[in-house]
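Down below is the structure, laid out as structure tokens.
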Amino acid sequence: MSKSSIEQQIGLLFADAFTALDMDADLGRITKSQRPELGQFQCNGALPAAKRYRRNPLEIAQDIAEKVQSSELLKSVEVTPPGFINIKLADDFLASSVNQLTDDALVGIETTESPEHIALDFGGPNAAKPLHVGHLRSSIIGESLKRTLRTVGHKVTSDIHLGDWGTQMGMMIEAIKKTNPELPYFDENFKGEYPKKSPLDVTEFMSMYPEASQLCKSDPEEMDKARQATLELQQGRAGYRALWQHIRNLSIEEMKPDFERLGVTFDLWYGEADADPYVSVVVQEAKEKKIAIESEGALVVPYTDDKGKEQAPMILLKSDGAAIYATTDLATIKERVENLKMDRCIYVVDNRQDLHFRQVFNAATQLNYLAKDKLTFAGFGTMNGPDNKPFKTRDGGVLRLTDLIKTATDLAYTRLKETGAQERFDAEEMADIAHKVAIATIKFADLHNDRKANYIFDLEKFSQFEGKTGPYLLYSAVRMKSILRKAEESGLMAGNIMAPTTEEERELMLAMMSINKAVETTIENLQPHHLCDFSYGLSQSFSRFYNACHIMAETDKNKQQSWLGLTKLALKQQERILDMLGIAIPERM
RNA sequence: GCAUCCGUAGCUCAGCUGGAUAGAGCAUCUGCCUUCUAAGCAGAGGGUCGUGCGUUCGAGUCGCACCGGAUGCACCA
């Protein structure tokens with residue numbers, strides 16, 4: 001059977017009631033109550049109905065209430081002025097609904113009716129640059145969206161989409177040429193095979209970049225050289241390609257451990273360069289269809305926004321003929337659609353690239369690669385320091401992702417020791433717990449904020465393990481595990497969930513019934529913070545239940561089994577949601 | 001100048017397609033560990049939702065105009 005939520009089931013009842021009064025069925029929509037003391041759910045349909053049918057809203061509400069009154073799904077239906085209908089569920093109905101989730105592998109989450117193959121573009125680090133906190137959001141949000149979309153049945157292919165084809169590569173080539181001119185990569189007459197081994201190690205590459213970038217910024221001549229090298233690289237100069245390959249490979253090896261520690265994975269480790277074979281085709285098509293025009297020596301695609309205002313054009317080819325990131329992004333869309341057969345592209349990228357993607361989407365739509373609504377820019381705000389400026393370390397530098405993870409792990413370890421954990425766990429488990437707590441802290445601190453908004457990133461947040469934090473979620477899940485473990489040791493089994501006898505049970509059940517709503521909203525808006533809210537709410541509900549209902553001490557066996565059933569389901573849901581957030585739960589902590 | 005995002009409690013943030021008395025966490029204060037993990041639970045105080053108009057029976061939510069902040073606007077990514 002289809003899993004329909006409480007709101008949907010009750011909604012049907014109310015829709016019928018409205019239909020019976022010759023009114024639109026959509027008026028029967030049910031929402032969670034805003035006044036819990038008056039009811040658990042409410043129907044506000046009588047208010048718009050009053051306007052639509054020119055009748056007194058209170059009377060309509062009373063008529064509706066009368067019609068649904070007898071339903072055995074409901075305990076009570078009450079009308080309050082000016083026409084609110086407050087609904088309390090029958091406890092039996094609630095319990096049986098919750099029991100149904102117990103048998104469901106997705107614990108109440110509905111799968112999509114129209115599965116798509118989605119390209120999820122996130123991460124996006126540059127080759128030759130170390131990962132820093134700026135890469136955190138993209139990775140964490142992207143990873144979460146990937147898991148969430150997959151959970152509901154989409155096929156998702158994640159692509160790290162490295163920045164490896166732009167001027168920064170030319171800068172690197174020129175910088176290496178300067179320090180190591182004797183290398184064969186720079187000899188145009190070199191005909192032999194280039195060395196398999198990289199001339200420099202990754203640390204050396206990475207230490208060169210900031211200086212090279214600085215030099216190009218201050219010296220136009222150096223910048224020209226870098227641009228020229230970029231063009232030659234793109235045109236296939238063998239020595240440059242060989243050197244570029246080394247930089248790319250080493251960069252990937254360097255960043256892999258950080259992504260691994262974060263639990264972030266990519267199906268494709270493509271980069272801008274991988275779209276290169278499509279660039280000439282795209283340029284050709286754009287010219288033929290007269291979408292691209294020449295302007296100031298460059299080939300551009302003009303862009304007029306939704307309001308009909310002309311915005312800056314997208315540069316398809318620079319005046320020297322080289323491709324830039326707009327070119328490769330456009331070419332990548334063609335590759336994804338035509339070669340990889342994808343239906344949709346989602347980009348989890350910094351908000352500041354908004355215009356860039358509007359331009360690219362505009363071109364892609366005009367070239368008929370994808371419909372406009374299949375190209376989504378899921379931008380995120382910047383991580384700022386306490387001064388509301390993009391986050392910097394005390395000495396003004398960028399904070400390396402590695403260092404952030406290490407700091408958070410050390411703090412988690414310290415906190416763990418404070419609880420006397422070293423007497424309970426061996427060194428290996430201690431390290432594992434500290435790592436999981438650290439990742440949960442970092443991820444939850446980031447994910448619980450709305451993706452679009454900037455947020456203040458404070459290192460102190462990572463020494464905070466109380467309140468609305470990742471560790472709180474872990475802690476409550478670990479307590480669930482602990483009880484279930486104890487029950488098992490005593491030979492106690494989770495059983496049928498009975499109608500609630502306490503408000504805490506009822507609340508927990510209601511919380512668990514709302515899981516699908518949270519997932520739906522998350523997917524619709526591509527905002528994982530709704531999952532965070534659900535997860536936190538579930539933890540809170542469970543904690544209250546935990547405090548009020550002492551499971552192991554309960555003498556009524558049916559009650560005890562029911563409570564174990566609730567605990568088991570709460571854990572299953574929490575595991576599902578935290579999995580979608582990319583947060584792993586330890587066995588104990 | 002044009003465009004995008006943001007402005008909600010002292011601080012950091014939620015508020016789902018407009019609905020009743022705007023919610024959390026931190027911080028402050030008060031209780032609760034001889035009962036399943038106190039990284040917890042219960043409770044208190046704290047707000048002209050940036051400002052002003054408008055639409056509506058009804059606006060934190062929608063529209064317009066301002067104010068304030070962040071960001072982006074041609075050959076960087």
Side-chain angles (χ1 to χ4, degrees), chain A residues 29 31-35 38 42 44 47-48 50-51 57 80-84 86 124 126 163 165-168 171 213 216-217 223 226-227 272 295-300 305 307 309-320 322 324-326 350-356 358 379 381-382 384 388-390 412 415-416 418-419 424 437 445 448-450 452-456 458 460-461 464-469 471-472 474-476 478-479 482-487 517-518 520-521 524-525 527 529-530 532-533 536-537 540 543-544 546-554 567 588-589:
Chain A
R29 201 167 61 90
T31 55
K32 228 172 110 181
S33 177
Q34 305 216 323
R35 300 279 303 273
L38 297 179
Q42 60 184 351
N44 301 335
L47 297 165
K51 188 174 179 185
T80 46
F84 295 107
N86 296 303
N126 276 330
W165 210 228
T167 310
Q168 80 275 23
M171 291 178 187
S213 163
C216 289
K217 252 188 213 163
M223 185 57 114
R227 288 203 188 103
E272 297 166 335
S295 169
E296 297 175 31
L299 189 65
V300 306
D305 70 16
K307 290 176 187 163
K309 284 190 177 155
E310 191 168 337
Q311 302 290 345
M314 183 193 99
I315 291 177
L316 192 56
L317 289 180
K318 299 196 284 188
S319 44
D320 65 4
I324 65 169
Y325 72 133
D350 192 304
N351 269 338
R352 286 175 284 196
Q353 311 232 10
D354 193 8
L355 177 60
H356 161 70
R358 281 173 204 267
T382 49
N384 293 340
N388 209 21
K389 297 257 168 67
R415 179 75 183 96
L416 195 55
E418 281 167 15
T419 67
R424 295 185 287 146
V437 169
H448 93 275
N449 291 320
D450 182 347
K452 280 184 284 192
N454 295 344
Y455 81 98
I456 308 279
D458 191 342
E460 296 221 346
K461 268 193 175 167
Q464 187 188 306
F465 301 100
E466 279 98 38
K468 193 172 182 177
T469 62
Y472 173 74
L474 298 187
Y475 182 72
S476 90
V478 161
R479 291 208 294 201
S482 172
I483 291 177
L484 293 170
R485 211 182 296 120
K486 280 207 162 71
K517 180 83 186 163
E520 254 179 26
T521 312
E524 204 179 306
N525 306 304
Q527 293 174 328
H529 79 270
H530 296 291
C532 294
D533 277 352
Y536 182 68
Q540 276 191 318
S543 289
R544 288 192 195 111
Y546 175 93
N547 264 67
C549 305
H550 288 255
I551 299 173
M552 296 308 290
E554 179 56 43
T567 305
R588 309 185 291 173
M589 65 186 275

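Just so it is clear: chains get the letters A, B, ... in the order the sequence lines come, proteins before strands, and each one is counted from 1.
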- Message: Classify Lys217(A) by what it touches in the nucleic acid, base, sugar-phosphate, or nothing, heavy-atom distance under 4.0 Å.
- Response: nothing

- Query: Which one, U37(B), C2(B), A39(B), comes nearest to the side chain of Lys309(A)?
  - Reply: C2(B)

- Query: Can you tell which of C41(B), A77(B), U37(B) lies closest to the side chain of Asn547(A)?
  - Reply: C41(B)

- Message: Starting the side chain at C-beta, find the nucleotide from A39(B), A77(B), C2(B) nearest to Tyr475(A).
- Response: A39(B)

- Sugar-phosphate only, base, or nothing, as touched by Arg415(A) at under 4.0 Å among non-hydrogen atoms: base

- Query: Counting any heavy atom closer than 4.0 Å, what does Ser543(A) reach on the DNA or RNA strands: base, sugar-phosphate only, or nothing?
  - Reply: sugar-phosphate

- Which of these nucleotides, G15(B), G40(B), A14(B), is closest to any side-chain atom of Glu466(A)? G40(B)

- Phe84(A) vs Ala298(A), nearer the 5' end of RNA chain B by closest nucleotide: Phe84(A)

- Val300(A) vs Thr521(A), nearer the 5' end of RNA chain B by closest nucleotide: Thr521(A)

- Message: Does Leu47(A) reach a base, just sugar-phosphate, or nothing at all? Heavy atoms under 4.0 Å.
- Response: base

- Item | Options A70(B), G15(B), C26(B), nucleotide nearest the side-chain atoms of His530(A) | G15(B)

- Task: Pick base, sugar-phosphate or nothing for His356(A), based on heavy-atom distances below 4.0 Å to the nucleic acid.
- Result: nothing

- Message: Applying a 4.0 Å non-hydrogen cut-off, can you work out what Leu474(A) is touching in the nucleic acid: base, sugar-phosphate, or nothing?
- Response: nothing

- Picking from A24(B), A77(B), A70(B), the nucleotide nearest the side-chain atoms of Asn126(A) would be A77(B)

- Of all the nucleotides listed (C13(B), A74(B), A14(B)), which has the minimum atom distance to the side chain of Asp533(A)? A14(B)

- Kindly point out which of C2(B), A77(B), G19(B) is positioned nearest to the side chain of Gln168(A)? A77(B)

- Item | Whether His550(A) stacks on the six-membered ring of U35(B) base, 5.5 Å and 30° limits | yes

- Item | Any donor-acceptor pair under 3.5 Å from Gln168(A) side chain to Gly163(A) backbone | yes

- Using a heavy-atom cut-off of under 4.0 Å over every strand shown, decide if Gly166(A) touches base, sugar-phosphate, or nothing. sugar-phosphate

- Pick base, sugar-phosphate or nothing for Tyr472(A), based on heavy-atom distances below 4.0 Å to the nucleic acid. sugar-phosphate

- Task: Classify the nucleic acid contact of Ser213(A) as base, sugar-phosphate or nothing, counting any heavy atom under 4.0 Å across all strands shown.
- Result: nothing

- Check RNA chain B for consecutive Watson-Crick or G-U pairs with both distances under 3.5 Å and list the runs of at least three as stems. B:1-5 with B:69-73, B:10-13 with B:23-26, B:28-32 with B:40-44, B:50-54 with B:62-66

- Item | Any donor-acceptor N/O pair under 3.5 Å between A77(B) base and Tyr325(A) side chain | yes

- Kindly say whether Val478(A) contributes a backbone atom to a donor-acceptor pair with the side chain of Ser482(A) at under 3.5 angstrom? no

- Backbone N/O of Thr382(A) and side chain of Asp350(A): donor-acceptor pair under 3.5 Å: no

- Message: Base of A70(B), side chain of Thr382(A) - is there a donor-acceptor contact under 3.5 Å?
- Response: no

- Just call it for Arg358(A): base, sugar-phosphate, or nothing, with non-hydrogen atoms closer than 4.0 Å on any strand. sugar-phosphate

- What does Met589(A) touch in the nucleic acid at a heavy-atom separation under 4.0 angstrom: a base, only the sugar-phosphate, or nothing? base

- Within the structure shown, what part of the strands sits under 4.0 Å from Asn525(A) by heavy-atom distance: base, sugar-phosphate, or nothing? nothing

- Task: May I ask you to say what Glu524(A) touches in the nucleic acid, namely base, sugar-phosphate or nothing, with a heavy-atom cut-off under 4.0 Å?
- Result: nothing

- Note on the structure: Which of G15(B), C5(B), C2(B) is nearest the side chain of Gln311(A)? It is C2(B)

- Task: Begin with the C-alpha distance, continue with both residues' side-chain angles, and end with the deciding distance and a verdict on side chain to side chain donor-acceptor pair (under 3.5 Å) for Gln353(A) and His356(A).
- Result: CA-CA 5 Å; Gln353(A) 311 232 10; His356(A) 161 70; 4.6 Å; no

- Note on the structure: Value for CD1 (Ile315(A)) from CD1 (Ile324(A)), rounded to nearest 0.5 Å, stands at 5.0 Å

- What nucleic acid atoms does Ala312(A) come within less than 4.0 Å of, heavy atoms only: base, sugar-phosphate, or nothing? sugar-phosphate

